[in-house]
Amino acid sequence: MAVTSTVPVRDADDLSLAYTPGVAKVCSAIAEQPELVHDYTWKSQVVAVVTDGSAVLGLGDIGPEASLPVMEGKAILFKQFGGVDAVPIALDCREVDDLVETVVRLAPSFGGINLEDISAPRCFEVERKLKERLDIPVFHDDQHGTAIVTLAALRNAAQLRGRQIGTLRAVISGAGAAGVAIAKILVEAGIGDVAVCDRKGIVSADRGDLTDVKRDLAGFTNKAGLSGSLESALDGADVFIGVSGGTVPESAVASMGPDSFIFAMANPNPEIHPEVARKYASVVATGRSDYPNQINNVLAFPGVFAGALQVRASEITEGMKIAAAEALAAVVADELSADRVIPSPFDERVAPAVTAAVAAAARAEGVARR
């Protein structure tokens with residue numbers, strides 16, 4: 001990736017406009033009317049892609065320098081799939097307050113903040129504190145991008161099989177960043193019930209070992225009051241969503257309800273191998289590009305930010321995320337099959353649809369500023 005100019009700098013006259021003395025007039029205008037920064041700089045179309053390198057893809061805690069290739073790749077995807085400029089920023093700090101304070105000080109240069117590959121549970125607190133202090137969109141893609149695409153695929157899977165989301169019982173394997181966000185968006189979308197499992201089993205209110213995040217999670221999930229193991233939760237379940245790694249025994253998969261949906265999204269090894277999943281499920285999705293129905297965040301985050309920046313949204317609300325999921329699902333709603341409940345990342349209809357839906361939702365929810 002590289003930075004390129006959108007205007008020519010061919011001679012002394014061009015140089016005097018691009019830099020001194022001409023640029024001083026722009027600076028003075030912005031000093032008098034700060035909102036002009038959106039018109040006279042790239043602020044309104046650029047996102048900071050921020051990490052501390054503590055939870056990078058499947059590599060774990062590899063540090064800020066080693067995380068840069070991933071952040072650069074993310075910035076390229078922003079531009080390629082959403083037309084949004086992005087700058088990779090890898091920070092050498094781990095304390096929540098240090099991360100927050102650093103990003104707050106950087107924020108005047110950006111129209112939005114995309115948090116990336118920050119380990120749980122710190123990622124929840126970092127995002128919450130940044131949203132409290134900043135008036136620009138803050139979005140942890142590992143949480144919300146995954147959740148948006150998962151909801152879109154589940155909506156289409158249900159439609160394909162003539163089912164309603166409100167009648168489905170889902171089980172999520174993984175109570176980290178993605179698992180918590182998926183649970184929240186499913187509840188917001190009206191799922192019948194959802195139970196979330198961590199290494200110790202179902203996250204339920206009667207457990208005494210829960211973190212604050214998991215205690216909150218237990219408060220709005222598992223209406224059935226289930227307790228016990230992941231395997232017991234899957235008995236009769238309609239939906240499995242895997243964001244944890246590990247392996248689910250085939251016997252547990254076989255115990256799921258008829259016409260079930262399996263989204264095994266761990267990379268590179270899904271929690272349930274697609275060949276096993278297809279024996280029992282009517283729709284199977286993974287996080288891999290070599291199987292149908294890839295749950296890929298690139299379907300969400302470029303359009304989400306493009307829409308938010310387009311209307312200078314002050315935040316990305318739950319309603320905007322739901323709108324993004326609905327728009328994404330609608331792209332292929334007339335082309336559904338068991339192998340096509342979610343579009344390809346290269347479907348050129350995706351970004352415009354998500355962008356428009358997010359912008360409209362921002363206006364409807366009163367967070368748009370133009």
Side-chain angles (χ1 to χ4, degrees), residues 1-7 37-57 62 64-93 99-100 102-118 123 126-127 130-131 134-149 177 181 296-316 320-321 324 328 345-346 348 350-359 362:
M1 59 180 296
V3 175
T4 60
S5 174
T6 60
V7 295
V37 69
H38 297 285
D39 300 314
Y40 293 154
T41 74
W42 76 338
K43 177 181 172 75
S44 64
Q45 63 192 49
V46 65
V47 171
V49 180
V50 179
T51 190
D52 65 355
S54 61
V56 181
L57 296 178
I62 60 174
E65 290 87 357
S67 74
L68 263 177
V70 177
M71 302 310 118
E72 290 179 350
K74 193 83 171 193
I76 290 169
L77 298 181
F78 264 109
K79 188 67 173 179
Q80 177 69 30
F81 292 101
V84 174
D85 291 298
V87 177
I89 297 176
L91 300 179
D92 187 13
C93 53
L99 283 165
V100 169
T102 303
V103 175
V104 167
R105 292 175 184 272
L106 288 168
S109 297
F110 300 98
I113 306 294
N114 181 90
L115 300 174
E116 192 77 20
D117 292 347
I118 298 172
C123 60
V126 170
E127 184 184 43
L130 284 173
K131 290 173 78 170
L134 297 177
D135 65 348
I136 58 175
V138 177
F139 185 87
H140 184 202
D141 183 51
D142 302 315
Q143 293 184 60
H144 310 300
T146 308
I148 288 167
V149 182
N296 191 328
N297 291 14
V298 77
L299 289 163
F301 68 81
V304 168
F305 268 101
L309 295 177
Q310 186 180 93
V311 296
R312 294 183 193 164
S314 58
E315 62 178 306
I316 295 171
M320 292 161 72
K321 297 170 198 172
L328 181 57
F346 296 98
E348 295 181 355
V350 168
V354 174
T355 299
V358 169

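Positions are given from 1 along the sequence. Here the structure is a predicted model, which is why all the values come from computation and not from measurement.
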Inset, instruction - Fit a plane to each ring of Phe139 and His144, take the angle between them on a 0 to 90° scale, and name the class: parallel (under 30°), tilted (30 to 60°) or perpendicular (over 60°). - result: tilted
Would a distance-only check, ignoring hydrogens and angles, find a side-chain to backbone donor-acceptor pair under 3.5 Å from [X] to [Y]?
{"X": "Glu127", "Y": "His140", "answer": "yes"}
{"X": "Asp135", "Y": "Ser314", "answer": "no"}
{"X": "Thr51", "Y": "Glu116", "answer": "yes"}

Rounded to the nearest 0.5 Å, what's the gap from [atom1] on [X] to [atom2] on [Y]? Could you check?
{"X": "Leu99", "Y": "Cys93", "atom1": "CG", "atom2": "SG", "result": "4.0 Å"}
{"X": "Leu299", "Y": "Phe81", "atom1": "CG", "atom2": "CZ", "result": "8.5 Å"}
{"X": "Met71", "Y": "Met1", "atom1": "CE", "atom2": "CE", "result": "12.0 Å"}
{"X": "Asp52", "Y": "Ile89", "atom1": "CG", "atom2": "CD1", "result": "13.0 Å"}
{"X": "Asp117", "Y": "Leu57", "atom1": "CG", "atom2": "CG", "result": "5.5 Å"}

[X] vs [Y] side-chain heavy atoms within contact, under 4.5 Å:
{"X": "Leu91", "Y": "Val103", "result": "yes"}
{"X": "Val304", "Y": "Met320", "result": "no"}
{"X": "Cys123", "Y": "Leu115", "result": "no"}

If you compare all heavy atoms of [X] against all heavy atoms of [Y], which two are closest, and at what distance to 0.1 Å?
{"X": "Asp142", "Y": "Ile118", "answer": "OD2-N, 4.2 Å"}
{"X": "Gly303", "Y": "Val354", "answer": "C-CG1, 3.6 Å"}
{"X": "Ser67", "Y": "Pro64", "answer": "OG-O, 2.7 Å"}
{"X": "Ile148", "Y": "Ala300", "answer": "CG2-CB, 3.9 Å"}
{"X": "Gly111", "Y": "Pro137", "answer": "O-CD, 3.2 Å"}
{"X": "Ala107", "Y": "Leu134", "answer": "CB-CD2, 3.6 Å"}

Inset, instruction - Please identify each residue that fulfils side chain to side chain donor-acceptor pair (under 3.5 Å) with Asp141, with sequence neighbours left out. - result: Lys74, Asn297
Inset, instruction - Return the set of residues passing side chain to side chain donor-acceptor pair (under 3.5 Å) with Glu315 (not counting sequence neighbours), or none when no residue passes. - result: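 Glu315: no side chain to side chain donor-acceptor pair (under 3.5 Å) contacts found.
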Legend entry - Partner set under salt bridge (charged side-chain N to carboxylate O under 4.0 Å, His left out) for Asp92, not counting sequence neighbours: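 Scan of Asp92 (salt bridge (charged side-chain N to carboxylate O under 4.0 Å, His left out), adjacent residues dropped) gives none.
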Inset, instruction - Please report the C-alpha distance between Ile113 and Leu106 in whole Å, then the side-chain angles of each, then the deciding distance to 0.1 Å, and finally whether the side-chain contact (heavy atoms from CB on, under 4.5 Å) criterion is met. - result: CA-CA 10 Å; Ile113 306 294; Leu106 288 168; over 6 Å; no
Legend entry - Selection residues 76-91 - residue pairs positive for salt bridge (charged side-chain N to carboxylate O under 4.0 Å, His left out), sequence neighbours left out: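 Of all non-adjacent pairs touching residues 76-91, those that pass salt bridge (charged side-chain N to carboxylate O under 4.0 Å, His left out) are Lys79-Asp85.
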Inset, instruction - Not counting sequence neighbours, which residues clear ring-ring contact (aromatic ring centres under 6.0 Å, His included) with Phe110? List them please. - result: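 Listed in chain order: nothing, the list is empty.
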Legend entry - Contacts of Phe301 that satisfy ring-ring contact (aromatic ring centres under 6.0 Å, His included) - sequence neighbours left out: Phe78
